[in-house]
Amino acid sequence: MAKFELKLPKMGESVAEATITNWLKNVGDHIDADEAVLEIATDKVDSEVPSEVSGVLSEILFQVNDVVQVGQTIAYIETEGGVSVDAPSQKTTDANVETVAKTVETAKETVAASLDFADSDKFFSPLVKNIAKEEGISLQELDAIKGTGKDGRVTKSDILAYIKDRQSQPAPAQQPAKPVTPVQQQPAAAKAAPVSVNGQDEIIEMDRMRKMISHHMVQSIQTSAHVQSFIEVDVTNIVKWRDKFKGTFEKREGEKLTFTPIFMEAVARALKDFPMMNISVDGEYIIKKKNINLGMAAALPNGNLIVPVIKNADQLNLVGMAKAVNDLANRAKSGKLKPDDTQGGTYTVTNVGTFGSVFGTPIINQPQVGILALGAIRKVPAVIETPEGDFIGIRQKMFLSHSYDHRVVDGALGGSFVKRVADYLEAWDINRDI
């Protein structure tokens, strides 16, 4: 028998950790090669971790809700002869045994710590929870700490700074001792699920992704000063051009030609013209992004939302953009996105017109500073200017709705950017080669 170390696999350059959400196998279960052993979650994507070998699951080092770093050993699988495994050599056995023992002890401490602060809507790492527990910091105090980590998370530095500041505060004046009533000694009651008053309403708990979306959206509103600009665009030439070439494109490329890659191309060009829309904010600093990575908001079959990212979108031609859009959309619908597919976005586009909406006021995808909503394309009567005079005709039009962060983007920039996108769309060459 040999022992194989099942490690948390690398999930992309920008993904360093994941949370275990479910063990699909128990200790003693047989596992086939490539069979899923557990489920993990990053900020937005749920994934499965498969086994590289066949064998029996002999030991589990982490439990559900534990946060694991990429490359950490999370379980051991006993394999039978002939299989090359990551078993420790004789020289490193003692060191590895000590490491495993420490890992198990850390896991146990993490599980114990994770039982605290369960009523909070915020995410706290096991390390932060341990420090809070040791320093006697209450849930209310921990919730009030302003985090400087990603998505406003409280980091080790944040909580240590809070403890230092709290210790430096003068002690409150002594008050006459008062007897503590039994009610005061009782722990705070856990949040109870709402109850249907009429007995007929259905109470549904949010799933993990819905809770995270809820948190991110509220945090974005609290972080950014949202302001919107709207502009109507004549896309008649684009509609005619697509109708003319979509059959040829699908036959040649094996891909459907939707309007989305055309709009994405225009947005990427406009971001090159206005690089100060391709930024993020970190405290009082502006980070000007080198790459143009377009997020593409997509609805999942279960009704949740996810934003896969087209990397270096400005470097793609229309064919490449169409393939990237279709690939991400198809994998989003089938639940096959990888964690890195949703990381690194610098600007986001959402197509509210898919559901018939004329325009919308989308919420900024932090830490970006802008998001563009594409409204439904409609046939409308419009004034057409010609050298012979004006007349009324039927045109294909849509609204672009641009939400931007007024902390760093003023109306001149926000309005000029969306106007440039509209200009690129209205200037579409009806004779453009595919």
Side-chain angles (χ1 to χ4, degrees), residues 44-46 202 204 206-218 220-221 226-236 238-243 246 250 255-268 294-310 313 321-322 324-337 341-342 345 347-366 368 370-382 394-404 418 421-422 425-426:
K44 286 190 177 181
V45 178
D46 294 344
E202 182 181 4
I204 303 173
M206 294 182 186
D207 59 25
R208 187 193 65 84
M209 182 175 285
R210 189 74 257 164
K211 291 177 182 177
M212 295 185 70
I213 293 172
S214 174
H215 170 74
H216 291 330
M217 294 300 96
V218 172
S220 181
I221 290 294
H226 281 61
V227 67
Q228 285 84 24
S229 293
F230 306 92
I231 192 166
E232 192 174 26
V233 190
D234 189 329
V235 292
T236 305
I238 292 177
V239 174
K240 289 180 178 179
W241 181 87
R242 177 179 172 271
D243 289 342
K246 63 182 181 181
E250 185 171 4
E255 300 276 354
K256 290 186 179 296
L257 180 61
T258 65
F259 289 109
T260 301
I262 297 174
F263 298 140
M264 288 293 196
E265 181 187 66
V267 172
L294 291 183
M296 183 183 72
L300 297 174
N302 63 2
N304 286 329
L305 180 73
I306 199 165
V307 186
V309 177
I310 302 172
M321 188 74 79
V325 167
N326 291 341
D327 173 58
L328 290 175
N330 291 334
R331 288 197 285 125
K333 291 177 183 177
S334 60
K336 295 182 179 179
L337 286 174
D341 290 330
T342 63
Y347 188 88
T348 297
V349 178
T350 178
N351 191 352
V352 299
T354 301
F355 312 103
S357 296
V358 178
F359 55 80
T361 55
I363 297 175
I364 296 168
N365 186 17
Q366 296 294 328
Q368 300 166 25
I371 180 171
L372 185 70
L374 308 173
I377 298 175
R378 303 170 301 140
K379 288 183 179 181
V380 297
I394 297 176
R395 305 295 289 178
Q396 301 269 10
K397 290 196 173 187
M398 65 181 294
F399 283 98
L400 302 180
S401 310
H402 186 209
S403 295
Y404 45 95
V418 70
V421 175
L425 295 176
E426 291 188 340

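These numbers come from the heavy atoms of this one structure, side chains and all, not from hydrogens, waters or symmetry mates.
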**Report entry** Side chain proximity check, I310 to V325, heavy atoms < 4.5 angstrom
**Finding:** yes
Query raised in the report: Any idea how H402 and Y347 line up, ring-wise: parallel (<30°), tilted (30 to 60°), or perpendicular (>60°)?
Result: tilted
Report task. With rounding to the nearest 0.5 Å, note down the distance linking CZ in R210 to NE2 in H215. Result -> 14.0 Å
Query raised in the report: When rounded to the nearest 0.5 angstrom, what is the spacing between CD1 in I213 and CG in L300?
Result: 7.5 Å
Query raised in the report: Side-chain contact, heavy-atom cut-off 4.5 Å: V227 with Y404?
Result: yes
Query - Min side-chain heavy-atom separation W241-L257 under 4.5 Å - result: yes
Report task. Evaluate the side-chain proximity of N304 to D207: yes if any heavy-atom separation is below 4.5 Å, no if none is. Result -> yes
Report task. Flag the pair Q396 / K379 as yes when at least one side-chain heavy-atom distance between them is below 4.5 Å, and no otherwise. Result -> yes
Query raised in the report: L374 versus T350: any side-chain heavy-atom pair under 4.5 Å?
Result: no
Query raised in the report: Where do H226 and P362 come nearest, in terms of heavy atoms and distance?
Result: CD2-O, 4.1 Å
Query - Flag, side chain of S403 to backbone of I364, donor-acceptor distance under 3.5 Å - result: no
Query raised in the report: How long is the gap from CG on D341 to NZ on K336, to the nearest 0.5 Å?
Result: 13.0 Å
Query raised in the report: CE/M321 to CE/M296 distance, rounded to the nearest 0.5 angstrom?
Result: 10.5 Å
**Report entry** Within 6.0 angstrom of I221 CD1, more than 12 heavy atoms from elsewhere
**Finding:** yes
Query raised in the report: Considering the options V421, V418, T348, L425, which one meets the side-chain contact (heavy atoms from CB on, under 4.5 Å) requirement together with V267?
Result: V421
Query raised in the report: Is there side-chain contact between M398 and F259, with at least one heavy-atom pair below 4.5 Å?
Result: no
Query raised in the report: About how many Å separate CD of E232 and CZ of F359, when rounded to the nearest 0.5 Å?
Result: 10.0 Å
Query raised in the report: Atom OG1 of T258 and atom NZ of K246: how far apart are they, to the nearest 0.5 Å?
Result: 11.0 Å
